[in-house]
Amino acid sequence: MPTCEDGFFEYLSSIDCSDVEVYAIPEGSVVFPKVPLMIIEGPVAVIQLLETPFLSLVNYASLVTTNAARHRLVAGKSKNLLEFGLRRAQGPDGGISASRYCYMGGFDATSNVAAGRLFGIPIRGTHSHAFVSSFMGLDDIIDRTLASSDGSNKCEDFVSLVENWLARIKDGSLHGTFGETNLSELAAFTSYALAFPNSFLALVDTYDVMRSGVPNFCAVALALNDMGYKAAGIRLDSGDLAYLSIETRKFFHAIEEEFGFVGFGKMNITASNDLNEETIDALNKQGHEVDAFGIGTYLVTCYAQAALGCVFKLVEINKQPRIKLSEDVTKVSIPCKKRCYRLYGKEGYPLVDIMTGEDEPAPKVGERLLCRHPFNESKRAYVVPQHVEELLKCYWPGNSAKSREELPSINEIRSRCMAYLDRMRPDHMRRLNPTPYKVSVSAKLYDFIHFLWLNEAPVGELQ
């Protein structure tokens, strides 16, 4: 039995968004609760139809980008962050979009090749444990030739060159540090290096990191150096990452000193294995030698918070302000069409975000302004802004003559995100007990909110 009339579907096929106007805070901006991320104007039926797609697009994007930014803040600026989340994401659509949002939030690269091709995100990754264990020995390598990086000569038997370097490492000052390494692992590393001599990154924990993986990597890296290539580094995916990274760094420095390979001691060490904010913070506190973190599950699934609670509320219809009330004051909506500003102090940090009515004059630099908490009458402060930033820009003017903001590239969005985070006061950004950022309304809007609240709330009657 049909649930609605055919005329409804005919209506849906006939509508468009020509009468819709969309204002939004630019992608990559730092935002806070109660400040509207978007304002949508237009016919109420069309706007209601846009609710679900807009929330679907904004909620997950904001959640993942925020999660990525949090990982960037705890890791620090000097570390490379690699998004490894495709296998754990909520389906291929979630995996593709998560790669984009993680890059916007401060990650440096992704292992998701499709996302790299679609969005221009740098691609980084390595081989799998299965690749290593699929080799039985050096005899598995058929084509053993490798041309030098400048093409001037060719090594006919790169495998023998690797074996010679492994023997030299064993017989040198590192004698006794390790015994016989796993030759099937050496075969896998050698084969990978033959295929990718310019980006040889070895996963060294398939059998034993210090007794096999690291020495095998060094032998292949030194052989590549003979041919004019520089290995990219190693990846640790299990065990005590702090200890193993420190021991690996010592091994690399010993190789540099033994064979005069300048810079080998600074070879890149990447760590993975279910990393999150807490484990990275713990590694930082105990000390480590990790240069890059590969993060997957906890990043793209937003394990700490499964969903973001953005909502879509009617605040004005036919020029009449509307309010949504609740016994939970945090769910009371702020009525009427608004303009939103960020006010900066003398040190360049944002002090407060303020919402005003559409027709109110904009805050001015150097002029004292009363900022009020939307619902708590005792929380108020005067602010003399040194810089005023209007937050909402028009991205879809509909049939109006308003100018439209151009959509920036993903690299521009990422740069904006990093710049905004740098601009925030450190106590607002700390992991433990951060200072809440102030979101306020103008005195005029405060008075109107409470007038409308009292006017719309039913009056009880006691018997």
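Note that this is a predicted model, so its numbers are computed, not measured.
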So, for [X] and [Y], which heavy atoms are closest and what is the spacing to 0.1 Å?
X    : Y    : answer
V388 : K364 : CG2-C, 4.3 Å
P335 : L452 : CB-CD2, 3.7 Å
A232 : N268 : O-CB, 3.2 Å
L308 : S62  : CD2-CB, 3.5 Å
P434 : H428 : CB-O, 3.5 Å
P122 : Y103 : CD-CE1, 3.7 Å

Sequence neighbours left out, what pairs pass ring-ring contact (aromatic ring centres under 6.0 Å, His included) with at least one residue falling in residues 380-417?
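Counting only pairs at least two positions apart or across chains, the ring-ring contact (aromatic ring centres under 6.0 Å, His included) contacts touching residues 380-417 are Y344-H387.
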Y243: partners by ring pair (Phe, Tyr, Trp, His ring centres under 6.0 Å), with sequence neighbours left out:
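Here no residue qualifies.
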For Y420, all residues meeting ring pair (Phe, Tyr, Trp, His ring centres under 6.0 Å), sequence neighbours excluded
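Y420: no ring pair (Phe, Tyr, Trp, His ring centres under 6.0 Å) contacts found.
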Examine the side chains of [X] and [Y] and answer whether a donor and an acceptor come within less than 3.5 Å of each other.
X    : Y    : answer
N376 : S378 : yes
H129 : D205 : yes
E83  : T110 : yes
S111 : R124 : no
D328 : T330 : yes
E185 : T206 : no
N67  : Y303 : no
N80  : D291 : no
D353 : Y437 : yes
S238 : N273 : no

Salt-bridge contact [X]-[Y] (side-chain N to carboxylate O under 4.0 Å):
X    : Y    : result
R425 : E347 : no
R416 : E27  : no
R339 : E390 : yes

Say you draw a straight line from [atom1] of [X] to [atom2] of [Y]; how long is it, rounded to the nearest 0.5 Å?
X    : Y    : atom1 : atom2 : result
I234 : L201 : CD1   : CG    : 8.5 Å
S442 : F448 : OG    : CZ    : 11.5 Å
L407 : R404 : CG    : CZ    : 6.5 Å
S149 : L224 : OG    : CG    : 10.0 Å
L81  : L299 : CG    : CG    : 9.0 Å

Once the angle between the rings of F217 and F252 is folded into 0 to 90°, is it parallel (under 30°), tilted (30 to 60°) or perpendicular (over 60°)?
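If you compare the ring of F217 with that of F252, the planes turn out tilted.
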Students often mix this up, so state it plainly: with edges at 30° and 60°, are the rings of H288 and F293 parallel, tilted or perpendicular?
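Judged by the thresholds at 30° and 60°, the geometry between H288 and F293 is perpendicular.
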Ring centre gap for F375 and Y446 strictly below 6.0 Å
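No.
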Between F189 and H127, does the ring centroid distance fall short of 6.0 Å?
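Yes, the ring of F189 comes within the 6.0 Å limit of the ring of H127, centre to centre.
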Going by side-chain hydrogen bond (donor to acceptor under 3.5 Å, both in side chains), name the pairs with one or both residues in residues 304-317, residues two or more places apart or in two chains.
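Residue pairs with at least one partner in residues 304-317: there are none.
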Take atom CZ of F196 as the centre, draw a 6.0 Å sphere, and report whether it contains more than 12 heavy atoms from other residues, nucleotides or ligands.
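Counting other residues, nucleotides and ligands, CZ of F196 stays at 12 neighbours or fewer.
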Within a reach of under 6.0 Å around NZ of K324, are more than 12 heavy atoms found that belong to other residues, nucleotides or ligands?
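Above 12, so yes.
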Criterion salt bridge (Lys or Arg N to Asp or Glu O under 4.0 Å) on E289 and R249, from CA distance to verdict
CA-CA 7 Å; E289 286 292 334; R249 183 68 68 202; 3.1 Å; yes
Which residues share a salt bridge (Lys or Arg N to Asp or Glu O under 4.0 Å) with E389, sequence neighbours left out
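Checked E389 against salt bridge (Lys or Arg N to Asp or Glu O under 4.0 Å); zero matches.
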Could you check K444 against D359 for salt bridge (Lys or Arg N to Asp or Glu O under 4.0 Å), going step by step and ending with a plain yes or no?
CA-CA 11 Å; K444 184 176 180 180; D359 297 328; over 6 Å; no
Measure the shortest side-chain to side-chain distance between R100 and I410 over non-hydrogen atoms and say whether it is less than 4.5 angstrom.
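Yes, close enough: below the 4.5 Å cut-off.
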Does the cation-pi check pass for K337 over Y23, that is, NZ or CZ under 6.0 Å from the six-membered ring centre and within 45° of its axis?
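Positive - K337 is close enough to the ring of Y23 and near enough to its axis.
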Go through it in stages, so that I can follow the logic: the residues are I39 and E21, the test is side chain to side chain contact (heavy atoms under 4.5 Å, CB included), and I'd like the CA-CA distance, side-chain angles, deciding distance and then a yes or no.
CA-CA 8 Å; I39 292 177; E21 295 178 29; over 6 Å; no
Show your reasoning for whether salt bridge (Lys or Arg N to Asp or Glu O under 4.0 Å) applies to E278 and R431.
CA-CA 10 Å; E278 284 68 32; R431 294 187 69 246; 3.1 Å; yes
Can you spot which of V315, T356, L445 makes a side chain to side chain contact (heavy atoms under 4.5 Å, CB included) with C336?
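It is L445, the one option of V315, T356, L445 that forms the side chain to side chain contact (heavy atoms under 4.5 Å, CB included) with C336.
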Apply the test salt bridge (Lys or Arg N to Asp or Glu O under 4.0 Å) to residues K266 and E256: give CA-CA distance (whole Å), side-chain angles for both, the deciding distance (0.1 Å), then the verdict.
CA-CA 9 Å; K266 296 180 180 178; E256 178 174 350; over 6 Å; no
Passes side chain to side chain contact (heavy atoms under 4.5 Å, CB included), I295 versus S272? Steps please.
CA-CA 6 Å; I295 309 172; S272 51; over 6 Å; no
Does any pair with a residue in residues 85-95 pass salt bridge (Lys or Arg N to Asp or Glu O under 4.0 Å), and if so which ones, sequence neighbours excluded?
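Non-adjacent pairs meeting salt bridge (Lys or Arg N to Asp or Glu O under 4.0 Å): zero.
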